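Take a look at the structure set out below.
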Amino acid sequence: MTVADPASTHPAWLPPEAFQAIGSRRTLVYGTGTLVDTVRDEVTVACARHGGTVDHVPSQPPQPGQPTEPGPPEEPSQAAKPGPPEDPGQATKLGQPEDPGQPTKLGQPPEPGLPTEPGQGAQPGRAGAGSYDLVLALGTAGSLPAGAGPAAEVGRELGADRGGLGPEGFALARRDAVTVVLADEPAGLLHGLFQVVRLGPAAFGADRPVERHRPALRLRLVSHWDNVDVHPVMGQVERGYAGGSIFWLDGAPRQDPERVRDYARLLAACGMNAMTVNNVNVHGTATRLLTDRLDDVAAIADLVRPYGIRVHLSVNFAAPVTLGELPTADPLDDDVRAWWAEAAKRVYGTIPDFGGFMVKADSEGQPGPYRYGRTHADGANMLADALAPYGGMVHWRAFVYDHRQDWRDRSTDRARAAYDHFTPLDGQFRDNVIVQVKHGPMDFQTREPVSPVLAAMPHTRLALEVQATQEYTGQQRHVCYLGPWWSEVLRFAPWGPGRPTVASVAAGSAGDDGAAPSGGGGLVVVSNVGADHYWTGHPLAQANLYAIGRLGWAPDLDPLAVLDEWIDLTFTPSASTDPELLRDTLHALLDDSWRTYERYTAPLGVGFMVAPGHHYGPDVDGYEYSRWGTYHFADRDGVGVDRTRAAGTGFTGQYPQPWADRYESLETCPDELLLFFHHVPYRHVLHSGSTVIQHIYDTHFAGVEQVAELVRRWERIGPAGLVDPALHARVTDRLAEQQRCAEEWRDKVNTYFLRKSGVPDAHGRRIY
C-alpha cells in the first residue's frame, strides 16, 4: 500500500493540538531573554489558534553591579548572539514588530506596566487570582509582578530552594485555579512550558503541590553523523535511515531554515540541549567548517539558539595538516597548540555560545595522537586548553580498537579495547574534557553488557553514548522502541544493587564509586533524523528520539510511561474517534518491540551476524573471518566467545564486583548475555530450562509470529481512520518489510545452527 506523503514536515510530538490546553486559556509570561521570547511566541501562536490570550511583561534588568549567575559551560548562553535579519531569534507577534521592554497583548498595542485587563479573546469566569490561568515567570518571588497572583506565593514557598533549580530547572504548581511555572533562568522557563504541554488538560485540573524539575544530566547532546559532502560509500548521512541531512546538501548548506528551527523545537520539547552538526568521521569539506566554512555553522547556531540548543562541531585531529598550514599535528608541538588556540578564538568570535569539539581519533582510520607517540590525554588536553578560555568542552570518543585484527588470533578481543586504552589515563584529562563511552563494549548491538569503562575512570568526566539511529536494530525499517534498553543501561548499577548507577556516573553524582570531581559528562545520542517527511523514516521511530531526550532529563522515568507521553502528544485525541484503540495498538507495536527484534536476530548476546558494510539483514558468518573483531566462533560443538578470566580473553575482569564473578560463571551469567561471555555446547541448559540450540529455534520462530501479529494489529486500525492515511501507509509498508526480513533471519539463523549442531528442532518445525 502506498500513499503520497504530505508536502509539509510532520509535526511529530508538537502538533498544534498538543497546545490546545494552553492556547485556550489566559497566560502571563514574565521575564526577559531570547528563550523567554520563545516561550511567549509559542504561547502566542497557541492562543491565536485556540482562542486564548497572552500578556508579556519583561522582568527588570539587573541593577548596576548586581552579580549575575552564569550557567555551567555545557549550558547554552542566554546572552546569545542575535540571528540574521530574516531570523533574529526574537519573537514577532502575528507579523507585528516588537517593542522590546514593553508588555505585549494579543491583538492590542503594548501598554506600560502590568496589564490590568486580560487580553482579547479571554473567556469570562475562567481566570483565577490575578486574572490568569497560567503564569510562566522568570525571577525570584520578590521580583514577580503583583498581578501574578499565586506565582509569588509559590516563589515564597520555594524560598532558599530557588537556587536549586539551576540553569534549566523549573518549579510547577497549581493553586487557586492558576497553574504556575517558575524558573531562575530562561532555559528553565522553556522546559517548564513544554512540561505544561506534556500535561495538557491535566495541568489545569486539581491543585498540585510544588514540583521541582531539573535535568539529572546537565549535557544532553544529539550527535549528527551528517556529511557535508556526499560520501561515496556512506552517502549524505552515515548510518542514516531517514533521507538526507537536514543541514547539508551536496557540499553546501541545505537552505531549509524552517526545518532546522522545527528540529530545534522538537529537541527542546523532549529535553535535549546541544547538537553536533557534522559526522565524527570528518573528511573533505567538513574539515573546513572550522575555518572558511565557519559561517555555515554560525547560521545553524542562529537557528537553534532560540530553543536553547547549543552547537558543537566534530573536528579532524589532523586539521593543522589537512588544511595545509603545518607539517605536523603533534599535540605537544607549540605551533600546533597555537594553531588550535587561534582556531578556537575564531570560532568563539563568530559563535559566542559555541559548545566545543567532538573528536574521533586513532579509530577506524581517523588520525590521532598515536601517530606522534602521544596519548589520548595529550591530544584531548591540547584541544581543551584551546577551548578553556571560552568555557568550551572537548568530547573525546573512547571508541578505539584494532580494526585490522587477524581472525585466527583469539587473544585479541575488541570488547577489551576501550578499557585497555583509556583506564590507564584516568585522572590525566583536563576538567573540560569529556570521554565519550559507548553504552556497550562493542558497537550498539541489540544486546551487549554495559561497558566496564563506565565504572573504571572515577577521576574523568564520562558521557554515555547511545545510538538512536537503528544501525543494528532494523535501520528504521523495523519497529524497535529502544527506551526499555536505554532505561536498563541507565539504571545498571556497576557496583551492585543499591549502589550508584550508570546514570549517576554520567551525572557526576556517583560518589566515591565513579564520579569525576568536576561532574559527569552527560548523554550523547547518535541522531536518527533526516530530511524524510516523518523525520525518522519509520514514523514510529520518532519515539526513540523523544524517549532518549526524556530519559536524559530523568533517567528514572518508566520508558513505557514515556511512550505514553509520546503517543498522547503525537496522536492527539482530536485526531482519533477511538483513542484507546489507537493507544492499545501503538503499545502492542512498540512496548516489546526491542525484545521482539532480539528474538529473530542474533541470539543470547552474541551480536552482529549482519551483512557486512550496510549491516542490514542476516549473514551469520559475514564477519566471522573479518578484520573487524566481531566473531561468534560457532563450530560443530558449540557457539559463543570465551571472555572469562579462567580460560578466555579476561574481559570479565574489567568489571568491578559483583559483576566480574557473575559474568565469569556459567551458573550466574544472565541468559541474554551468555554467548557474549562464554563458548558453550549447543545442549547447554539455560536458566530458562531450554537448551541453547532449542532457544535459538524457539525465539526465531516466536519473533516472526510476533511480527505477523503486529501487522494484523496495525491493519485493523486502517479502516477506522484512526491515523492519517499517509502515515498508516508508511507504517504498513515498513511492517511488511519487517515481516519479510524477520522470516529471512529466522530461516538463515535456524538453518545455520541446525547444520552446525546436527540437533533437530524438538517441535519438528520446518528448518531448511
Side-chain angles (χ1 to χ4, degrees), residues 223-234 236-238 245 247-254 275-301 311-352 354-390 392-397 400 430 432-433:
S223 175
H224 278 265
W225 289 359
D226 295 21
N227 297 314
V228 180
D229 302 309
V230 177
H231 189 276
V233 176
M234 293 298 180
Q236 192 75 70
V237 181
E238 181 169 337
S245 169
F247 305 120
W248 315 108
L249 181 64
D250 297 331
R254 188 177 183 89
M275 67 164 69
T276 62
V277 298
N278 65 309
N279 194 356
V280 292
N281 292 312
V282 183
H283 67 278
T285 304
T287 304
R288 294 165 43 214
L289 295 178
L290 192 60
T291 54
D292 59 299
R293 294 291 297 272
L294 182 58
D295 284 346
D296 293 340
V297 182
I300 297 172
V311 165
H312 297 234
L313 189 65
S314 294
V315 298
N316 187 330
F317 186 81
V321 175
T322 59
L323 294 175
E325 300 183 24
L326 292 175
T328 180
D330 184 347
L332 300 189
D333 183 275
D334 288 341
D335 290 339
V336 172
R337 297 176 70 86
W339 190 93
W340 281 107
E342 181 60 30
K345 179 180 178 181
R346 181 171 54 248
V347 169
Y348 280 92
T350 305
I351 311 171
F354 181 74
F357 298 148
M358 184 176 289
V359 186
K360 178 178 179 179
D362 291 310
S363 175
E364 299 183 328
Q366 290 294 309
Y370 280 179
R371 182 172 299 181
Y372 307 98
R374 312 302 186 190
T375 69
H376 287 285
D378 292 332
N381 290 342
M382 171 197 65
L383 296 175
D385 291 343
L387 294 170
Y390 315 100
M393 308 299 298
V394 176
H395 278 77
W396 193 272
R397 298 182 82 234
V400 176
R430 301 281 194 267
N432 62 325
V433 173

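Any value given below was found using the heavy atoms of this structure, including those in side chains, with hydrogens, waters and symmetry copies removed. Note that this is a predicted model, so its numbers are computed, not measured.
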Distance (rounded to the nearest 0.5 Å) between [X] [atom1] and [Y] [atom2]:
| X | Y | atom1 | atom2 | result |
| --- | --- | --- | --- | --- |
| Thr322 | Arg288 | OG1 | CZ | 11.0 Å |
| Asn316 | Leu323 | CG | CG | 8.0 Å |
| Trp225 | His231 | CH2 | NE2 | 13.0 Å |
| Trp339 | Thr291 | CH2 | OG1 | 6.5 Å |
| Ile351 | Asp295 | CD1 | CG | 8.5 Å |
| His283 | Gln366 | NE2 | CD | 9.5 Å |

Open item on the list: Set out, in order, the CA-CA distance, both residues' side-chain angles and the distance that settles side chain to side chain contact (heavy atoms under 4.5 Å, CB included) for Met234 and Asn281, then state yes or no.
Closed with: CA-CA 11 Å; Met234 293 298 180; Asn281 292 312; over 6 Å; no

Please name the pair of heavy atoms, one in [X] and one in [Y], separated by the smallest distance, quoted to 0.1 Å.
| X | Y | answer |
| --- | --- | --- |
| Ala329 | Pro320 | CB-CD, 4.5 Å |
| Leu387 | Ala344 | CD2-CB, 4.1 Å |
| Val359 | Val315 | CG2-CG2, 3.9 Å |
| Val347 | Leu290 | CG2-CD1, 3.9 Å |
| Ser223 | Met358 | OG-SD, 3.7 Å |
| Val400 | Ala361 | CG2-O, 3.6 Å |

Is any side-chain heavy atom of [X] closer than 4.5 Å to a side-chain heavy atom of [Y]?
| X | Y | value |
| --- | --- | --- |
| Leu383 | Trp340 | yes |
| Trp248 | Pro253 | yes |
| Phe354 | Leu313 | yes |
| Thr375 | Asp378 | yes |
| Asn381 | Val433 | yes |
| Pro369 | Asp362 | yes |
| His224 | Val277 | no |

- [ ] Show the numbers, then the answer: is there a side chain to side chain contact (heavy atoms under 4.5 Å, CB included) between Lys360 and Phe317?
- [x] CA-CA 8 Å; Lys360 178 178 179 179; Phe317 186 81; over 6 Å; no

Test your reading of the model: is there a side-chain donor-acceptor pair from [X] to the backbone of [Y], 3.5 Å cut-off?
| X | Y | value |
| --- | --- | --- |
| Asn278 | Ser314 | yes |
| Arg430 | Asp385 | no |
| Asn432 | Ala384 | yes |
| Gln236 | Asp250 | yes |

Open item on the list: My understanding is that only one of Asp229, Asn227, Asp296, Asp292 makes a side chain to side chain contact (heavy atoms under 4.5 Å, CB included) with Thr285; could you say which?
Closed with: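 Among the candidates, only Asp229 passes.
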
Open item on the list: Can you tell me how the ring of Tyr390 sits relative to the ring of Tyr348, calling it parallel under 30°, perpendicular over 60° and tilted otherwise?
Closed with: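 Correct class here is parallel.
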
